[in-house]
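Everything on this sheet refers to the single structure shown next.
These numbers were taken from a predicted model, which means no experiment stands behind them. Note on naming: letters A, B, ... go to the chains in the order of the sequence lines (proteins, then strands), and numbering restarts at 1 for each one.
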Amino acid sequence: MIDTVAIEKKWKDYWFNNNIFAFKKGDKNYTIDTPPPTVSGKMHVGHAFSYPQQDFIARYKRMKGYNVFYPWGFDDNGLPTEKFVEKERRVTIDNTPLKDYIEICREVSRESEKGLYQAWYDTGISADFKNYIDTSSDFSIKISQEMFLDLVAKKRAYRDEAPYITCPTCRTAISQIEMKDAIISTELVYINFNGIEIATTRPEMLGACVAIFVNPDDERFKKFIGTTVNVPVYGYPVKVMSDPSIDMEFGTGAEMLCTFGDQHDLELWKKYGIKARIILKNNRINDGSVIINMPIKDARKKIIDELQSKNYIIKIEKIKHSVNTHERCGTPIEIGISKQWYIKDLDIKNELIEFGNKIEWVPGHMKIRYDNWVTGLKWDWCISRQRYFGVPFPVWYCDNCGEIILAGNEELPVDPRLDNKKRKCEKCGSDNIVPETDVMDTWATSSLSPTLYLKHINQMDLYPMDSRFQGHDIITSWAFTTILRSYLHYGEIPWRKIVISGNVYDPFGQKMSKSKGNIVEPRAIIENYGADALRYWASTTMQGENIKLREQDLMRGRKTVIKLENSLKLIMMLANNKKPGNTIPEFPVNRWITTKMERTIKEVTEYMENNEIMKARISLDKFFWNEYCDNYLEMIKNESSKDDRRDETLSTAFSVFENILKMYSPIMPFITEELFHQANPSFSGSIGLEPYPEFDGQMIYNEENEVDYIIGVIDKIRNLKSQMKLSMAAPLDILKLHGDAKIIQKYDYILEGMMHINSMEIINSEDTYIEN
RNA sequence: GGGCUUGUGGUCCAGUGGUUAUGACGCUUCCCUCACACGGAAGAAAUCGCCGGUUCAAAUCCGGCCAGGCCCA
């Protein structure tokens with residue numbers, strides 16, 4: 001049995017050690033904006049499905065004579081890495097100084113990268129693994145900061161208020177995914193809001209009330225909508241507003257919007273753009289009038305007392321209620337607002353749509369998602385994140401006059417949080433300078449991937465790139481932000497084409513997940529079936545379509561690998577292990593297979609150019625299995641010993657086979673490399689750099705129709721033998737064949753040799769049939 | 001709620017107006033023919049989700065409905 005593990009090991013190391021896929025700029029270049037995997041994860045079947053689809057194109061283009069820039073990268077910024085480090089090293093920002101924390105994050109990332117690329121390497125991805133970027137390196141930070149400063153200079157980056165979520169116990173910023181719901185026992189307080197009755201679980205937030213909300217369909221409150229009421233105790237006016245998200249069944253059906261009691265408050269505040277009143281900070285309430293810097297509990301008691309003494313309280317109910325808490329310590333989260341950085345994009349929607357139109361989307365309908373997203377944008381892009389491991393903003397603020405102080409380009413990369421340099425405010429002369437403590441959204445750096453890749457090799461003249469490959473789940477993030485940044489910085493599209501890949505599901509169409517226990521590791525597939533079989537499977541779907549992972553579909557690829565190996569074994573045997581020199585085919589059967597091959601080359605090439613890998617592969621499969629193996633090799637193996645046509649036939653068998661290998665090689669690089677070297681022992685290159693077969697119209701011969709006719713006759717004889725329950729090798733003493741006598745006579749030696757016919761009687765007739 | 005997308009033999013998937021609807025997996029029968037039984041030959045198996053419309057002609061175009069998936073809200 002074929003040892004795919006050994007063969008694959010041999011060739012992936014060969015490619016790597018000989019820098020087969022290193023980029024050298026030439027006249028024809030093809031550049032790929034590779035998606036960098038995140039260091040906190042590992043390769044899953046989704047990757048094993050989508051990366052080969054990029055690789056098919058990369059390898060095809062290389063064989064088509066392009067100098068292919070297929071770079072490699074790692075994405076190691078942001079929250080996922082922080083969580084990963086927390087798990088791996090038991091290090092959290094609460095127990096570690098920032099400087100050390102960042103160091104450890106970087107260290108863990110570098111370590112993880114060492115093993116991470118291996119899975120892609122094993123899959124035969126032809127990226128240049130020696131030449132990679134990572135998004136947390138000094139290089140990437142420098143470029144990301146430079147580009148940020150460019151946005152500031154272009155008046156595209158600005159500061160404005162934005163909400164943030166913190167844990168008052170841990171005193172750290174937390175993100176949505178670090179929260180969990182908890183059910184707590186609390187009191188629901190019914191308050192008479194000077195005419196409208198509301199209920200709240202957070203009476204202590206009364207001083208942060210900025211509106212009253214009711215459901216627009218609620219008959220009880222319709223008359224209040226649009227009116228103004230005064231906040232009890234505080235006495236300032238707020239509007240009564242309506243929103244369909246208000247639950248009519250909860251409390252009285254009317255709620256106060258406080259900035260901010262919970263996430264729902266945040267959503268409504270954002271949606272309606274109401275001015276915030278922030279009174280809660282670090283677990284203490286300070287409204288400047290009624291409550292002066294009191295812990296939440298005390299403030300709650302005081303407000304209830306105040307309300308009660310003035311007869312505003314209708315009743316108090318004990319309820320169980322769901323709140324957002326910090327998953328690590330269980331403390332209810334706190335929402336505040338702070339000044340954060342935005343990238344302005346709402347004014348250029350039309351231009352962004354236009355850019356989307358200039359890019360070729362594969363499949364085309366995926367562009368609609370982009371269009372819908374851009375059209376529906378309601379806010380500028382907030383790029384500040386209250387995290388730690390990420391690209392720092394190269395920005396300080398004057399604590400005295402509020403001036404924004406930007407780093408100079410020569411200082412980059414810089415981390416203001418750790419920077420000791422003394423700075424002075426140029427405006428007011430104060431030396432009371434504070435650093436920006438937020439870091440950038442990871443997309444703020446990922447959106448620069450074409451720039452990062454090309455600057456890394458100092459070839460910005462190759463901008464825009466040719467292709468981006470990515471999943472449809474991040475069209476609205478990665479694709480969108482990349483197009484946006486490209487527009488803002490260069491006024492140019494980032495790539496000419498974007499190719500969207502689908503998802504992988506289990507055999508029943510279910511998503512794979514740990515909880516369902518239906519996860520399949522790519523490594524297991526490679527071990528059991530081989531990387532070529534895995535890649536073959538990845539080619540069995542239309543671009544952008546989803547796929548189910550089924551064992552039998554992996555088997556089909558493996559069978560093709562074995563069939564290729566056996567085919568070479570046969571023709572090597574027929575040729576006594578020596579590949580003959582090239583000849584021009586003259587004998588009809590050789591002309592026939594050559595003609596079929598040319599037609600296949602034409603078809604496969606057209607499909608490959610059109611990103612229709614599956615159709616290319618089906619066309620090639622049909623040619624290889626049916627025409628080459630089942631018919632051509634069967635015809636020649638009994639016949640090739642005849643001296644006068646031996647050399648030409650063997651030569652044709654080899655040259656056609658090598659073209660088959662070349663056409664298969666983008667999909668199945670390992671076995672094709674192995675067999676190509678076996679057929680050509682002195683060859684010292686790579687099939688991946690060999691020229692792709694070119695269609696040659698001169699090689700279309702008229703004999704095609706005759707041999708097609710003969711194959712029809714063969715099918716009839718095979719059918720007869722099958723009906724007679726005979727072996728295909730069983731001899732037929734006499735066969736009475738009706739049909740086109742001229743053609744049959746021309747090819748009688750093929751029929752006799754292949755079907756083991758001792759004597760044949762040919763009767764000329766319009767219909768072709770065998771007489772019993 | 002809006003948008004996109006899918007619905008074809010038991011299973012997976014081609015086919016986008018026109019002769020008996022492609023192939024793979026599975027199934028049945030036969031064949032160890034000196035490359036391959038992870039092979040070869042033959043065969044059974046589909047009213048192309050449902051309803052209606054356009055057309056000489058629809059799996060294919062149009063409308064509606066049903067059912068899945070994804071994205072957005």
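Counting non-hydrogen atoms under 4.0 angstrom, A:Ile562 reaches a base of the nucleic acid. Among the heavy atoms of the strands, none lies under 4.0 Å from A:Lys367. Counting any heavy atom pair closer than 4.0 Å across all strands shown, A:Asp630 reaches sugar-phosphate atoms only and no base atom. When heavy atoms are screened at a 4.0 angstrom cut-off, A:Trp537 is found touching no nucleic acid atom at all.
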Should A:Thr540 and A:Arg556 be marked as a side-chain hydrogen bond (donor to acceptor under 3.5 Å, both in side chains) after you check the CA-CA gap, both sets of side-chain angles, and the distance that decides it? CA-CA 10 Å; A:Thr540 56; A:Arg556 177 72 189 166; over 6 Å; no

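Here B:rC25 sits opposite B:rG10 as a Watson-Crick or G-U wobble pair (both hydrogen-bonding atom distances under 3.5 Å). Nucleotide B:rC61: paired with B:rG53 (Watson-Crick or G-U wobble, both distances less than 3.5 Å).
With respect to A:Arg645 and A:Glu648, no salt bridge is recorded, no charged nitrogen being found less than 4.0 Å from a carboxylate O.
Between A:Tyr769 and A:His738, the ring planes are parallel. Angles under 30° get that label, and only those over 60° would be called perpendicular.
Rounded to an integer number of Å, the gap from A:Glu545 CD to B:rU8 P is 13 Å. Note: NZ (A:Lys569) to P (B:rC36) measures 6 Å, nearest angstrom. Regarding A:Leu675, its CG atom lies at a distance of 17 Å from the P atom of B:rA35, rounded to whole Å. A straight line from CG of A:Asp621 to P of B:rC38 spans 19 Å, rounded to a whole angstrom. Note: OH (A:Tyr628) to C1' (B:rC36) measures 14 Å, nearest angstrom. Distance, A:Met542 CE to B:rG7 P: 11 Å, rounded to whole Å. Rounded to whole Å, atom C1' of B:rG15 lies 14 Å from atom CD of A:Glu603.
Partner A:Trp381 forms a side chain to side chain donor-acceptor pair (under 3.5 Å) with one of A:Thr481, A:Asp345, A:Asp441 and no other, that one being A:Asp441.
In this model, the phosphate group of B:rC12 is not approached by any side-chain N or O of A:Thr540 to a distance below 4.0 Å at OP1 or OP2. Applying the 4.0 Å criterion to OP1 and OP2 of B:rG40, one finds that A:Lys563 has a side-chain N or O inside that range. OP1 or OP2 of B:rG15 lies within a sub-4.0 Å distance of a side-chain N or O belonging to A:Lys615.
Comparing B:rA35, B:rC4, B:rA41 by their closest approach to the side chain of A:Leu633 singles out B:rA35. For A:Trp373, the listed nucleotide lying nearest its side chain is B:rA73; candidates were B:rC4, B:rG69, B:rA73. Nearest to the side chain of A:Arg369, among B:rC71, B:rC13, B:rA35, sits B:rC71. With distances taken from any side-chain atom of A:His472 to the nucleotides B:rC70, B:rC4, B:rC38, the minimum falls on B:rC70.
Counting non-hydrogen atoms of neighbouring residues, nucleotides and ligands closer than 6.0 angstrom, the NZ atom of A:Lys497 exceeds 12 such neighbours.
Partners of A:Gln678 by side chain to side chain donor-acceptor pair (under 3.5 Å), not counting sequence neighbours, listed by chain and number: A:Glu674.
Sorted by first and then second residue, the side-chain hydrogen bond (donor to acceptor under 3.5 Å, both in side chains) pairs with a member in residues 521-530 of chain A read A:Tyr529-A:Glu551; sequence neighbours excluded.
Comparing the P positions of B:rU28 and B:rC66 gives an interatomic distance of 41 Å, to the nearest angstrom. Across the P atoms, B:rA73 and B:rG64 are found 26 Å apart, a figure rounded to whole Å.
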Produce the list of close N/O pairs, under 3.5 Å, pairing protein atoms with atoms of nucleotides 24-34 of chain B; give distances to one decimal.
| unit_1 | atom_1 | unit_2 | atom_2 | d |
| --- | --- | --- | --- | --- |
| B:rC31 | O2' | A:Ser727 | OG | 3.2 |

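Put simply, the side chain of A:Asn680 gets close to the backbone of A:Phe676: a donor and an acceptor are under 3.5 Å apart.
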